[in-house]
Amino acid sequence: FDVLKPDENGNINLGAKYLGLDSKSTLVCTYQSDRLIVTIGIHDLIIVDTGDAILICPRDETQKVRQLVNYLKEHGLSYYL
């Protein structure tokens, strides 16, 4: 959020066809440019779609991604990293 340019509602879109209705300060990222992502009435979220997994978390919880990575590795789910 510090280096990317947000829209007029503070949302950042990376690669998606994105429509944010009453949504603010949310980051939406996908590697599938034909994917439509719509948010309604949300605030301060991170949404990442990698094609085979979707991560949704509050912006203030992103430090827990490290825990998620460790869990996936420990349970043989590294494919999703």
Side-chain angles (χ1 to χ4, degrees):
F1 277 87
D2 295 333
V3 296
L4 301 171
K5 185 177 178 185
D7 68 11
E8 64 276 0
N9 293 312
N11 299 313
I12 298 173
N13 173 22
L14 300 174
K17 293 179 185 172
Y18 174 62
L19 174 58
L21 301 175
D22 191 29
S23 297
K24 294 183 171 85
S25 300
T26 295
L27 178 120
V28 176
C29 177
T30 185
Y31 298 101
Q32 300 182 29
S33 61
D34 61 339
R35 171 98 58 194
L36 173 64
I37 298 177
V38 179
T39 59
I40 301 173
I42 63 167
H43 307 279
D44 300 314
L45 286 183
I46 304 289
I47 302 168
V48 179
D49 174 10
T50 64
D52 54 7
I54 298 173
L55 169 69
I56 302 170
C57 72
R59 282 180 56 190
D60 62 356
E61 296 285 335
T62 57
Q63 71 278 2
K64 292 184 180 176
V65 170
R66 184 177 307 270
Q67 291 175 332
L68 171 63
V69 169
N70 290 335
Y71 178 91
L72 293 174
K73 288 179 181 177
E74 291 170 5
H75 290 86
L77 299 169
S78 294
Y79 169 79
Y80 295 106
L81 296 175

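Note that the structure is predicted; figures quoted are calculated from it, not measured. Throughout, numbering of the chain's residues begins at 1 and tracks the sequence.
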Between the side chain of [X] and the main-chain N/O of [Y], is any donor-acceptor distance below 3.5 Å?
X	Y	answer
Ser78	Gly76	no
Thr39	Ser23	no
Asp44	Asp60	no

Can [Y] be reached from [X] by stepping across I, L, V, M, F, W or Y side chains whose heavy atoms are under 4.5 Å apart?
X	Y	answer
Ile56	Val65	no
Leu68	Ile54	no
Ile47	Ile40	no
Leu72	Leu55	yes
Ile42	Leu19	no

For the residue pair [X] and [Y], establish whether any side-chain heavy-atom pair is separated by less than 4.5 Å.
X	Y	result
Lys17	Ile37	no
Ile12	Pro6	yes
Arg66	Asn70	yes
Leu81	Lys73	yes

- Task: Would you mind checking if Asp49 and Arg35 are paired as a salt bridge, meaning a charged N to carboxylate O distance below 4.0 Å?
- Result: yes
How long is the straight-line distance from [atom2] of [Y] back to [atom1] of [X], given to the nearest 0.5 Å?
X	Y	atom1	atom2	value
Leu4	Leu14	CG	CG	5.5 Å
Leu45	Thr62	CG	OG1	11.5 Å
Asp7	Asn13	CG	CG	8.5 Å
Tyr18	Cys29	OH	SG	13.0 Å
Asn9	His43	CG	NE2	9.5 Å
Cys57	Lys64	SG	NZ	9.5 Å

- Grab the two heavy atoms, one from Tyr31 and one from Thr50, that are nearest each other, plus how far apart they are. CD1-CA, 3.8 Å
